[in-house]
Amino acid sequence: MTVTAVVGANWGDEGKGKVTDTLAGSSRYVVRFQGGSNAGHTIINNYGKFSLHLLPSGVCNPGTVNVIGPGVAFHPDDFFAELDDLARKGVPAPQVKVSERAQVVLPVHRLLDELEEARLGDRKFGSTKKGIAPFYADKYLKLGVQVADLFNETRLRDRLEAALETKNVLIRHMYGHAPLDSAELADAMKRAAEKLEPFVCDTTELLYGAWKRGESILLEGQLGALRDPDHGIYPFSTSSSTLAGFATVGAGLPPYAIDRVIAVTKAYSSCVGAGPFVTELAGNEAEELRKRGGSAGEYGATTGRPRRVGWFDAVATRYGCMVQGATEVALTNLDVLSYLDEIPLCVAYETDGTRTTSFPVTSRLELAKPVYETMPGWRSPISDVRKFEDLPEQAQDYVLRIEELIGVPVRKVSVGPHRDQLIER
Ligand code: GDP
């Protein structure tokens, strides 16, 4: 097994950071292949607690090469801010490589993201305002700036002028905001480029060589299957593919290189941002779960926004695992449910009087009602358990029922946010 993808089976925040961090110790490379600094991974280790947004989760392992692949939305200032944060917390300078083909999130992308969310008002998508949608729009409009362009002054000015030409009309006339100056932008980009140079290389050649030599590579997904623009809850999706199928594209590896796809899912559901969320809880029930969830309650690692929470959704997770091509599942946050006498589990949806276990397209999903089955709780702490057989019987049954419903073996059960709080099956 040399190439492993760790991806989300749901709406994001499934605990991928912890799973990746645990595996990173035995991986020579950890690669980000999509998205930007619009989501966060929380990892907790000997150095402390980190929210990583853009850096791959292997940065605390000195032997790991952390790669930002061509598919990533790269924001130079965020990149350096995260490196500084690691240094401040005493982490030795990590090995990081940035693809010269990755494209750069420009200040104009962030500005447009903010202006558009403000314009949409109640109809907003819940953007993290990190410029991701305008960035990917530009990429596919062929108006993007590649990292390599930062090192060629004439080309950089030309690219920025092209990128700003139509946007400035929009910024001025539609949003009533002052237009941006391409020369000023070019100067700022040039300053970033000087600092960036030591990190930049042809990561595609680097990874291809590593793969040929059989070195271990971990592909780290951001967000989850249900945020994928093709297979997720469009338009409440993100702007780049969150699927393992895209991981080889965004990283720069052959499509058949992946040996193992670990889909991460929580033992309950959580979701940041807008869109249909069938098992969503409200009131005290929600507050109780939110407060107990994750390592510090269910609040977004990037935005601090309270996450929407609900019971485990086997319909959404089965689908998420299917589109991810999951070969195994890592079930996280099982310890969080230890306070419950009974645990509802969504086993099907009902739409227009019809029961289904297939995850519907967004327009029908909005009408879906959850069908619950109730499992007995275990009401005892499990964070110190390291063997599946040592879990209370009710907790084992809960995991086994989930496995049965989603049809993919649950190989890892996480019982706490720390690295060692993990049960391997
Ligand atoms: P990611 O984006 O998928 O990496 O997920 P996040 O890091 O945003 O959210 C997962 C949250 O759950 C973080 O607060 C983690 O520290 C925490 N976490 C991960 N696994 C466990 C677990 O098994 N138990 C508990 N209590 N927290 C966990």
Side-chain angles (χ1 to χ4, degrees), residues 5-24 30 32 34-45 47-60 128 130 218-227 238 242 244 262-273 288-309 312 317 320 324 329-340 381-386 388 391 395 398-399 402 410-424:
V6 176
V7 287
N10 305 111
W11 302 264
D13 308 315
E14 296 93 345
K16 297 176 295 295
K18 174 184 163 172
V19 176
T20 314
D21 184 48
T22 316
L23 292 170
V30 178
R32 279 285 308 271
Q34 49 87 218
S37 45
N38 52 323
H41 283 324
T42 312
I43 59 173
I44 302 176
N45 55 35
Y47 297 106
K49 181 172 175 175
F50 303 88
S51 261
L52 298 175
H53 304 277
L54 189 55
L55 291 177
S57 295
V59 284
C60 294
T128 53
K130 297 284 180 187
L218 196 60
L219 304 173
E220 179 179 28
Q222 182 218 34
L223 297 169
L226 306 176
R227 299 290 185 197
T238 191
T242 55
I262 305 178
V264 186
T265 182
K266 271 182 180 149
Y268 52 93
S269 300
S270 74
C271 162
V272 175
E288 189 71 36
L289 182 54
R290 182 176 301 119
K291 196 172 71 193
R292 293 169 184 271
S295 53
E298 289 291 355
Y299 302 94
T302 298
T303 58
R305 286 185 287 185
R307 290 178 184 150
R308 300 160 71 194
V309 291
F312 185 84
T317 310
Q324 288 290 13
V329 160
L331 184 73
T332 71
N333 284 273
L334 186 66
D335 53 300
V336 171
L337 301 180
S338 300
Y339 71 103
L340 292 158
I382 56 169
S383 286
D384 293 332
V385 177
R386 296 293 174 271
F388 190 72
L391 281 173
Y398 184 72
V399 175
I402 286 178
V410 176
R411 295 258 185 259
K412 294 178 195 297
V413 179
S414 175
V415 290
H418 294 271
R419 234 185 221 177
D420 65 324
Q421 290 174 318
L422 195 68
I423 296 170
E424 303 273 358

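Numbering of ligands and ligand atoms starts at 1, following listing order.
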So is Lys266 polar-close to ligand 1, meaning N/O to N/O under 3.5 Å? no
Checking the side chain of Tyr299 only, and the main-chain atoms of Lys291 only, is there a donor and an acceptor separated by less than 3.5 Å? no
One thing to verify: whether Lys412 and Glu424 come together as a salt bridge, which I'm taking to mean a side-chain N less than 4.0 angstrom from a carboxylate O. yes
Do Arg419 and Lys18 have side chains that approach each other closer than 4.5 Å (heavy atoms only, starting at C-beta)? no
What atoms of ligand 1 come within less than 4.0 Å of a heavy atom belonging to Ser414? 20 (N), 21 (C), 22 (C), 23 (O)
Could you state the interatomic distance from CD (Gln34) to CG (Leu219), rounded to the nearest 0.5 Å? 11.0 Å
Run the salt-bridge test on Arg307 and Glu298 with the 4.0 Å N-O cut-off and return the result as yes or no. yes
Per-residue contact class, Glu298 against ligand 1 - non-hydrogen pairs under 4.0 Å: neither
For ligand 1 and Leu334, I'd like to know whether there is a polar contact (N/O to N/O, distance under 3.5 Å). no
For atom 5 (O) of ligand 1, the option (of Ser338, Gly15, Ser57, Gly221) bearing the nearest heavy atom: Gly15
Roughly how far, to the nearest 0.5 Å, is CZ of Arg227 from CD of Gln222? 11.0 Å
Salt bridge Asp13-Lys266, side-chain N to carboxylate O under 4.0 Å: no
Check each atom of ligand 1 against the heavy atoms of Ser295 and keep those under 4.0 Å away; list them by number with element. 13 (C), 14 (O), 15 (C), 16 (O), 17 (C), 27 (N)
Need the ligand 1 atom indices (1-based, order shown) with element for anything under 4.0 Å from a heavy-atom of Asp335. 22 (C), 23 (O), 24 (N), 25 (C), 26 (N)
Under 4.0 Å from ligand 1, counting heavy atoms only, is it the side chain of Lys18, its backbone, both or neither? side chain
So is Gly12 close enough to ligand 1, meaning a heavy atom under 4.0 angstrom away? no
Answer with yes or no whether Arg307 contacts ligand 1, where contact means a heavy atom under 4.0 Å from a ligand atom. yes
Give yes or no for whether the N/O distance cutoff of 3.5 Å, strictly under, is met between Ala296 and ligand 1. no
Counting heavy atoms only, name the option from Thr265, Ile423, Asn333 that's nearest to atom 28 (C) of ligand 1. Asn333
In terms of atom number and element, which parts of ligand 1 are under 4.0 angstrom from non-hydrogen atoms of Gly17? 1 (P), 4 (O)
Heavy atom under 4.0 Å from ligand 1: found in Val415's side chain, backbone, both, or neither? backbone
Under a 3.5 Å distance rule, please check whether Glu220 uses its side chain to pair with a backbone N or O of Val6 as donor and acceptor. no
At less than 4.0 angstrom from any non-hydrogen atom of Glu14, what atoms of ligand 1 do you find? 3 (O), 5 (O)
Checking contacts here: is it the side chain or the backbone of Val336 that comes within 4.0 Å of ligand 1, counting heavy atoms only? Could be both or neither. side chain
Quick check: do Val329 and Val264 have side-chain heavy atoms less than 4.5 Å from each other? no
Contact atoms of ligand 1, heavy-atom distance to Lys16 under 4.0 Å: 1 (P), 2 (O), 3 (O), 4 (O)
N/O of Thr332 under 3.5 Å from N/O of ligand 1, yes or no? no
State, to 0.1 Å, how close Lys16 and Val7 come at their nearest heavy-atom pair, and which atoms those are. CD-C, 3.6 Å
From OG1 (Thr242) to CG (Leu226), nearest 0.5 Å: 8.0 Å
